[in-house]
Number of protein chains: 2
Amino acid sequence: MKDSSEEDFDRIDLKILRALQSEGRLTNADLAERVNVSPATCHRRTQRLFEEGHITGVRAEVAPAAVGLGALVMVGVVLDRSTPESFAAFEGAVLEMKEVLDCNLVAGDFDYLLKIRVRDMADFNKLHGQKLIALPGVRQTRTFFVMKEVKENARLPF
Amino acid sequence: MKDSSEEDFDRIDLKILRALQSEGRLTNADLAERVNVSPATCHRRTQRLFEEGHITGVRAEVAPAAVGLGALVMVGVVLDRSTPESFAAFEGAVLEMKEVLDCNLVAGDFDYLLKIRVRDMADFNKLHGQKLIALPGVRQTRTFFVMKEVKENARLPF
DNA sequence: ATCCTCCTCGGAAGAATCTTTCATTTTCTA
DNA sequence: TAGAAAATGAAAGATTCTTCCGAGGAGGAT
């Protein structure tokens, strides 16, 4: 099996991953010092983690309220039919909706669970009436307004 | 009102926010070029966005499967009582659970919606039996295994 | 054990970038 | 409109990036 990444990470790789997960803008020099390795080695290791896809990207987290996206809403969706075509059509349409931050196909009372960010409740109401229930194959939706964000996008526990 | 940030962003700030949201490790020089501004100005603007809390952090996204966290599960939680003390106790305990990536207090059929990452179903089963239902005040949980991650942590639409 | 190959390491150094200073220009206020 | 406050770009020393190189070490075959 030459999956190119069937191997595990050693202690150095793990330290780099953990450090960059917390502080993605760390300088290579600082990172090297933290990981106790020369800057050259650190640079090579980090570059490889990116190239092999173990780090899929580095992103700045923008305060939602600062850009007029203060409202968070979770929505459960049930589709009309459970055919592959139906799922594909829904997923394709959801991918185009920039307000939808997460979309997961789940097992349980819903087919999909969505995480949506909008300006406020009025904005969500408009989105719901004009776009959500108009998505392909949607039979029913269940809305959960978020009243308090206790924990948001925590770091991966490894 | 001296909220220190009651003002909106101008076009330059927005460009910086958008660029860093997509590529958090952009060099200041590259960022400046993209935003059509001198490196000095770009540096100052970016620094200010961090200092004023509009960028809350920069984080590398680690592929979950690469670190043994291939399973994603959403869990709805209903508490025994709806008292402030009950909520506080639950939230405090959830904050200590590193497997819980998201935790939101919601309006609807549940009190809380959790997003949890573990190695596999067996791992989740153990977590559920040993820790989830043992959290303070939990009356009932409803589990949604994620079968397909259609969209995960998309960028904020602004 | 010995040799050989492959891989990873750290030092070094030119190129690139960061970060601050300063004079100038622009914006805002009275 | 005049003056104050804030933001801008050029410049430059300090820092960092990124690559090249030879040295060390693990593992395999003889």
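Protein chains get the first letters and strands the later ones, always in sequence-line order, with residue 1 at the start of each. Predicted model, so just to flag it, every value in this text is computed and none were measured.
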Assess whether atom CD of Glu33(A) is packed by more than 12 heavy atoms of other residues, nucleotides or ligands within 6.0 Å.
-> no
With under 30° as parallel and over 60° as perpendicular, where do the rings of Phe110(A) and Phe144(B) fit, or are they tilted in between?
-> parallel
Report, as yes or no, whether the 6.0 Å neighbourhood of atom NZ on Lys126(B) holds more than 12 heavy atoms from other residues, nucleotides or ligands.
-> no
When you check the gap from the basic side-chain N to the acidic O, do Glu149(A) and Lys115(A) get nearer than 4.0 Å?
-> no
Angle, rounded to 10°, between the helical axes spanning five pairs at each terminus of the helix from dA1(C)-dT30(D) to dA30(C)-dT1(D)?
-> 40°
Looking at residues 29-37 of chain B, who's got a heavy atom less than 4.0 Å off DNA chain D?
-> Val37(B)
Comparing nearest nucleotides in DNA chain D, the 5'-proximal residue of the pair Arg44(A), Asn28(A) is Asn28(A)
Do Val100(A) and Met74(A) share a hydrophobic cluster, counting only Ile, Leu, Val, Met, Phe, Trp and Tyr and linking them when any side-chain heavy atoms are less than 4.5 Å apart?
-> no
Salt-bridge present (Arg142(B), Asp109(B); N to O < 4.0 Å) = no
Would Met121(B) end up clustered with Leu127(B) when hydrophobic side chains under 4.5 Å apart are linked, directly or stepwise?
-> yes
Parallel, tilted or perpendicular: which describes the rings of His54(B) and Phe9(B), with under 30° parallel and over 60° perpendicular?
-> perpendicular
Note: Arg119(B)-Glu99(B) ion pair, threshold 4.0 Å (strictly below) = no
Specify the residue among Cys42(B) and Ala40(A) whose closest nucleotide of DNA chain D lies further upstream toward the 5′ end.
-> Cys42(B)
Any chain of hydrophobic side-chain contacts (each under 4.5 Å) joining Phe145(B) to Ile116(B)?
-> yes
Tell me which residues in residues 10-26 of chain B put a heavy atom below 4.0 Å from DNA chain C, sorted by number, or none.
-> none
Tell me, please, the opening and closing nucleotides of DNA chain C, 5' to 3', among those with an atom under 4.0 angstrom from a non-hydrogen atom of chain A.
-> dC9(C) to dG11(C)
Ser22(A) vs Arg155(A), side-chain hydrogen bond (donor to acceptor under 3.5 Å, both in side chains): CA-CA, chis, key distance, verdict = CA-CA 7 Å; Ser22(A) 294; Arg155(A) 293 172 322 180; 2.6 Å; yes
Applying the 4.5 Å side-chain criterion to the ILVMFWY set and letting contacts propagate, would Val146(B) and Leu113(A) be lumped into a single cluster?
-> yes
Tell me, please, the opening and closing nucleotides of DNA chain D, 5' to 3', among those with an atom under 4.0 angstrom from a non-hydrogen atom of chain A.
-> dT16(D) to dT19(D)
N-O pairing of Arg139(A) and Asp111(A) below 4.0 Å = no
Sidechain N-carboxylate O distance under 4.0 Å for Glu51(B), Arg44(B) = no
Counterpart residues, side-chain hydrogen bond (donor to acceptor under 3.5 Å, both in side chains), relative to Thr41(A) (two or more places apart) | Ser38(A)
